[in-house]
Amino acid sequence: MERSVSDRNILDKFCEDFCKIIEKHCKYIIVSGFVAIASGRTRGTEDIDMIIEKLDLKKWKNLFEDLKKRGFICMQTNQAEDSFKYLKDKTSIRFTRKDLELPEMEIKFSKDLLDEYQIKTREKLHLTKLDVWFSNINMNIAFKEELLKSPKDLEDSRHLRIVYSEKVNEKEINNIKALIRKWRL
Amino acid sequence: MRTAHQEQIERWALFVKNNPNSWKKTHTRFIDAIFAKHYQFRKELLKTPHGKEKLKELYLIKNVEGYSWLK
């Protein structure tokens with residue numbers, strides 16, 4: 001992947017460092033705002049959203065301890081067992097680098113077939129110059145237009161439609177929107 | 001009717017698409033500036049009464065062990 005180190009911003013470095021650790025333990029995807037921002041959208045964000053495969057407590061503990069060892073802190077608790085309870089309750093948990101409250105990585109377990117499908121169809125996006133797995137572009141556009149719908153999300157979607165015009169598949173987007181209506185609305 | 005803001009989003013998106021090797025430099029400066037501003041603000045807020053408490057509340061930090069400036 002062609003890039004120079006100075007091209008990487010604070011969010012890029014944080015995301016790549018974090019994902020490198022997660023990748024050793026499970027499959028993950030980066031979703032929502034950071035997909036658009038990493039693809040050039042000029043707006044701020046304080047957090048990056050990640051969905052990971054559902055793990056049992058033992059596997060989660062290994063991951064949690066690995067993150068701690070490598071300088072990432074869970075904002076809610078220092079205990080793997082406690083953080084696992086949040087995830088089981090479908091509440092996200094948030095990690096930052098030690099001593100820095102921003103940016104943060106917000107993690108959730110995959111919660112339904114739609115999330116599993118997102119993980120199955122994940123992709124790397126060359127334009128971002130990041131070695132990170134993203135939820136695919138059609139999926140992101142569908143979520144932003146059908147579920148999230150805020151002005152910011154609709155602008156993100158417009159941006160993605162232009163920069164990835166060759167990847168945009170209206171039939172696929174409409175199929176995903178139908179799944180969102182069935183599973184999430 | 002399309003607003004100037006929407007037009008700007010589209011112009012920039014086209015620039016990113018058509019300049020895959022040069023958009024990133026400008027973008028990186030923009031993103032890094034946001035965080036630089038935040039940390040400058042945090043430094044000032046910590047000098048004020050209840051600055052620590054305000055930051056804890058703002059960022060919903062329960063695990064203070066991870067943030068030495070909160071101790």
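Order of the sequence lines sets the chain letters (A, B, ...), proteins ahead of strands, with each chain counted from 1. Side chains included, hydrogens not; waters and symmetry mates left out as well; all remaining heavy atoms used.
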#### Entry: Atom group of A:T77 that falls short of 4.5 Å from chain B, counting heavy atoms
backbone
### Task
Please look at A:A36 and chain B and tell me whether the side chain, the backbone, both or neither of the residue comes under 4.5 angstrom of a heavy atom of that chain.
neither
### Message
Is there a path of hydrophobic side-chain contacts, each under 4.5 Å between heavy atoms of I/L/V/M/F/W/Y residues, joining A:F84 to A:I51?
### Response
no
### Task
Determine whether more than 12 heavy atoms belonging to other residues, nucleotides or ligands lie under 6.0 Å from atom NZ of A:K54.
no
### Side chain / backbone / both / neither for B:L60 at chain A, heavy atoms under 4.5 Å
both
### Query
Which atom pair, heavy atoms only, marks the closest approach of B:P20 to A:L127?
CB-CD1, 3.9 Å
### Task
Answer with side chain, backbone, both or neither: which region of A:L100 has an atom nearer than 4.5 Å to a non-hydrogen atom of chain B?
both
### Query
So, does B:H27 use its side chain to make a donor-acceptor pair with the main chain of A:D7 at under 3.5 Å?
no
#### Entry: Shared hydrophobic cluster for A:V31 and A:I137 (ILVMFWY, side-chain gaps under 4.5 Å)
no
### Task
Nearest 0.5 Å please: distance from the CD1 atom of A:I162 over to the CG atom of B:L14.
5.0 Å
### Message
Evaluate B:H38 against A:E46 for side-chain hydrogen bond (donor to acceptor under 3.5 Å, both in side chains), listing each step before the verdict.
### Response
CA-CA 10 Å; B:H38 166 76; A:E46 294 186 339; 5.3 Å; no
### Task
Decide yes or no on side chain to side chain contact (heavy atoms under 4.5 Å, CB included) for A:K129 and B:N21, but give the supporting numbers first.
CA-CA 9 Å; A:K129 303 190 190 299; B:N21 292 318; 2.9 Å; yes
### Task
Search all heavy atoms of B:N63 against all heavy atoms of A:C74 and return the closest pair with its distance.
ND2-O, 2.8 Å
### Summary
Value for CZ (B:F35) from CG (A:L102), rounded to nearest 0.5 Å, stands at 6.0 Å
### Query
Would you find more than 12 non-hydrogen atoms of other residues, nucleotides or ligands less than 6.0 Å from A:K58 atom NZ?
no
### Task
Can you tell which part of B:Y39 gets under 4.5 Å to a heavy atom of chain A, answering side chain, backbone, both or neither?
side chain
### Query
Shared ILVMFWY cluster between A:L154 and A:V35, side chains joined below 4.5 angstrom?
no
### Query
Does CH2 belonging to A:W183 count more than 12 external heavy atoms closer than 6.0 Å?
no
### Message
I need the A:E166 CD to B:K17 NZ distance, nearest 0.5 Å.
### Response
4.0 Å
### Message
What verdict does the side chain to side chain contact (heavy atoms under 4.5 Å, CB included) test give for B:Q6 and A:R158, after you've listed the backbone C-alpha separation in whole Å, the side-chain angles of each residue and the deciding distance to 0.1 Å?
### Response
CA-CA 9 Å; B:Q6 284 169 327; A:R158 183 78 192 119; over 6 Å; no
### Query
Do you reckon A:L114 sits in the same ILVMFWY cluster as A:I30, going by side-chain contacts under 4.5 Å, direct or chained?
no
### Task
Side chain from CB out, backbone as N, CA, C, O: work out which of these in B:I34 comes under 4.5 Å of a heavy atom of chain A, or both, or neither.
side chain
### Query
Do A:I52 and A:L113 sit in the same hydrophobic cluster, where Ile, Leu, Val, Met, Phe, Trp and Tyr count as joined when their side-chain heavy atoms come under 4.5 Å apart?
no
### Task
Side chain from CB out, backbone as N, CA, C, O: work out which of these in B:F30 comes under 4.5 Å of a heavy atom of chain A, or both, or neither.
side chain
### Query
Around atom NZ of A:K108, are there more than 12 heavy atoms of other residues, nucleotides or ligands at under 6.0 Å?
no
### Summary
CZ (A:R41) and CD1 (B:I31) are apart, to the nearest 0.5 Å, by 10.5 Å
### Message
Counting neighbours of NZ on A:K177 that are heavy atoms of other residues, nucleotides or ligands and sit closer than 6.0 Å, is the number greater than 12?
### Response
yes
### Summary
So, the part of A:S165 with a heavy atom under 4.5 Å from chain B: the answer is both
### Query
Do B:S68 side-chain atoms and A:D99 backbone N/O form a donor-acceptor pair below 3.5 Å?
no
### Query
Is it the case that more than 12 heavy atoms not belonging to A:K182 sit under 6.0 Å from its NZ atom?
no
### Query
Once you round to the nearest 0.5 Å, how far does CD1 of B:I9 lie from CD of A:E155?
3.5 Å
### Message
Need one label for B:R29: side chain, backbone, both or neither, based on atoms under 4.5 Å from any heavy atom in chain A.
### Response
neither
#### Entry: Backbone N/O of A:G40 and side chain of B:W12: donor-acceptor pair under 3.5 Å
yes
### Task
Look at atom CD of B:E57 and say whether more than 12 heavy atoms of other residues, nucleotides or ligands are closer to it than 6.0 Å.
no
### Message
Can you confirm whether the side chains of A:T96 and B:Y67 place a donor and an acceptor under 3.5 Å from each other?
### Response
yes
### Side-chain donor or acceptor of B:K24 paired with backbone N/O of A:N9 under 3.5 Å
no
### Task
Look at A:R161, A:E104, A:R43 and state which one has the largest set of heavy-atom pairs under 4.5 Å with chain B.
A:R43
